[in-house]
There are 2 protein chains.
Amino acid sequence: MVNTLRTIPLFTVERLSIYLRTFRESLVEGMDFISSTEIGKRNDFTAAQVRKDLSCFGNFGIKGKGYNISELINTLETILGLDREWKVAIFGLGKLGGALASYKGLKNARFNVVAIFDVDPKKVDKTYKNIPVYHSDMLKKVVREKKIQIAIVAVPTDSAKATIQRILDAGIEGILNFTEARVPYPDEYIMKNINLAGELESISYYLIHSDR
Amino acid sequence: MVNTLRTIPLFTVERLSIYLRTFRESLVEGMDFISSTEIGKRNDFTAAQVRKDLSCFGNFGIKGKGYNISELINTLETILGLDREWKVAIFGLGKLGGALASYKGLKNARFNVVAIFDVDPKKVDKTYKNIPVYHSDMLKKVVREKKIQIAIVAVPTDSAKATIQRILDAGIEGILNFTEARVPYPDEYIMKNINLAGELESISYYLIHSDR
DNA sequence: GTTTAATTGTGAATTCTATCACAATCTATT
DNA sequence: AATAGATTGTGATAGAATTCACAATTAAAC
């Protein structure tokens with residue numbers, strides 16, 4: 001029985017791109033089929049978890065053999081929405097914003113960076129890696145014209161909250177936030193926060209509080 | 001009753017740095033006390049969750065009033081291990097590695113980048129932002145001499161797996177991995193994976209599969 | 001002082017996730 | 001075509017995390 005999309009566990013969704021990557025990797029290695037055990041081994045998951053996750057979307061496995069790798073790559077790409085092009089804007093052309101704008105993995109994965117926003121007069125109205133750089137005041141206009149769907153936020157801490165609020169106001173519903181600001185947002189939006197200091201702090205916690 | 005550290009929920013630990021940031025922010029705003037409700041409001045958590053999280057470590061709150069902000073800042077810094085200096089190495093001096101090495105938030109938070117590793121002869125044996133750059137072959141020696149405790153991995157995809165394996169072999173027990181490689185590791189180590197493409201892919205998933 | 005309002009800390013209930021364990025079924029071999 | 005071995009899909013179970021709900025306590029107002 002196939003789960004309806006409404007009831008897919010959040011944690012399953014987070015793992016889908018890991019599965020996709022594993023399938024791609026094993027395809028490169030020349031494999032045709034891969035078992036849940038092997039997928040689990042490569043990612044430190046139990047085999048049962050892999051099977052349960054994939055079974056949310058259909059019965060893709062063949063008993064006694066495993067999963068057809070190229071079939072599952074297509075399936076997961078469709079499920080994840082990678083069968084279309086996404087229009088992405090980067091906010092903040094500092095070191096991190098520049099690194100993200102240069103990252104080739106994005107375009108390969110069909111996340112197309114079509115605009116960069118900054119407030120520095122020395123940067124705006126030029127291009128960076130062939131991507132036009134706009135002043136942040138142009139946000140609403142550019143978003144509307146270019147139909148931007150996803151924002152990546154890499155502005156300095158002190159302007160982070162205001163920037164994110166303006167992105168929400170402009171109606172961009174998908175946000176990947178690299179700043180330490182955390183801003184409440186409506187249900188129909190999706191925001192993922194990546195906080196470098198926070199990650200290091202929890203690593204610090206675990207290094208202290210494990211018996212070793 | 002105070003929880004023993006052994007039984008702190010993983011998710012609580014992840015939220016501690018968010019609480020710390022909230023306390024610092026409210027201190028700057030001139031507040032002395034803050035309630036669980038207000039902490040929750042600022043971060044989209046329920047008040048009950050905030051109270052339960054903080055109560056893992058002691059009874060810090062004052063009924064009718066809330067939490068003493070400067071006391072909690074000190075407490076959380078101690079719990080998270082921010083009362084000491086951590087020695088960090090960055091692996092890979094590309095755009096992302098460079099951005100991370102330049103990030104001032106790290107040093108402020110007592111994560112001190114004392115070494116950068118790369119394989120490019122044009123980069124090694126020089127300094128970057130006053131940080132010495134070593135050839136990756138020097139890994140074990142430098143780690144031993146500088147007592148490096150945390151590794152941040154920002155190397156290209158194709159060398160990621162091998163790099164992480166060598167970091168594990170060198171005995172660095174805390175790893176923050178910005179590559180898409182996922183490498184199984186022993187229990188006493190702690191590795192956190194940050195995967196840009198993966199985050200965007202799950203944003204893509206939610207944008208498609210929400211009724212709107 | 002007394003009262004009212006605010007807020008904590010926490011057991012109990014609920015919801016969400018992961019694992020177990022095994023029948024069902026497919027492959028591969030002979 | 002019969003058998004042995006591998007692997008899936010999933011109901012049942014166990015485990016984790018979150019929320020509820022309220023007694024207990026403190027602050028603040030008068």
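Order of the sequence lines sets the chain letters (A, B, ...), proteins ahead of strands, with each chain counted from 1.
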Side chain to side chain donor-acceptor pair (under 3.5 Å) involving S26(A) - partner list, sequence neighbours excluded: none
Test: salt bridge (charged side-chain N to carboxylate O under 4.0 Å, His left out). Region: residues 77-100 of chain A. Which pairs qualify, not counting sequence neighbours? R24(A)-E77(A)
Listed once per pair and sorted, the salt bridge (charged side-chain N to carboxylate O under 4.0 Å, His left out) pairs that draw on residues 30-48 of chain B, sequence neighbours left out: E25(B)-R42(B), E29(B)-R42(B), E38(B)-R42(B)
Please identify each residue that fulfils side chain to side chain donor-acceptor pair (under 3.5 Å) with E199(A), with sequence neighbours left out. K192(B)
Report all interatomic pairs (protein N or O, nucleotide N or O of nucleotides 11-13 of chain D) with separations under 3.5 Å.
{"unit_1": "dG11(D)", "atom_1": "O6", "unit_2": "K52(A)", "atom_2": "NZ", "d": "3.1"}
{"unit_1": "dA12(D)", "atom_1": "N6", "unit_2": "K52(A)", "atom_2": "NZ", "d": "3.2"}

Partners of Y134(A) by side chain to side chain donor-acceptor pair (under 3.5 Å), sequence neighbours excluded? K146(A)
Counting just side-chain N and O atoms, does T46(A) come under 4.0 Å of either OP1 or OP2 of dT19(C)? yes
What about the rings of Y67(A) and F60(A), do their centers lie closer together than 6.0 Å? no
Please determine whether a side-chain nitrogen or oxygen atom of Y67(A) lies at a distance below 4.0 Å from atom OP1 or OP2 of dG9(D). yes
So which of residues 22-37 of chain A are in contact with DNA chain D, with a heavy-atom cut-off of under 4.0 Å? S35(A), S36(A)
Audit row: N43(B), R21(B), side chain to side chain donor-acceptor pair (under 3.5 Å) steps and yes/no: CA-CA 10 Å; N43(B) 297 290; R21(B) 210 149 288 116; over 6 Å; no
Nearest nucleotide by nearest heavy atom, which residue falls closer to the 5' end of DNA chain C, L54(B) or Q49(A)? L54(B)
Phosphate OP1/OP2 of dT17(C): any R15(A) side-chain N/O under 4.0 Å: no
End axis versus end axis in the helix from dG1(C)-dC30(D) to dT30(C)-dA1(D), the angle rounded to 10°, five pairs used at each terminus: 30°
What residues, two or more places apart in sequence or in another chain, satisfy side chain to side chain donor-acceptor pair (under 3.5 Å) together with T179(A)? N177(A)
Which nucleotides of nucleotides 21-30 of chain C have their base under 4.0 Å from a protein heavy atom (B), which only their sugar-phosphate (S), and which neither (-), written as one string 5' to 3'? B--BBBSS--
Below 3.5 Å, can you tabulate the donor-acceptor pairs from side chains in residues 164-171 of chain B to any protein atom, sequence neighbours excluded?
{"unit_1": "R166(B)", "atom_1": "NH2", "unit_2": "S136(B)", "atom_2": "O", "d": "3.1"}

Enumerate the residue pairs fulfilling salt bridge (charged side-chain N to carboxylate O under 4.0 Å, His left out) with a member in residues 47-68 of chain A, sequence neighbours excluded, ordered by first and then second residue. R15(A)-D53(A)
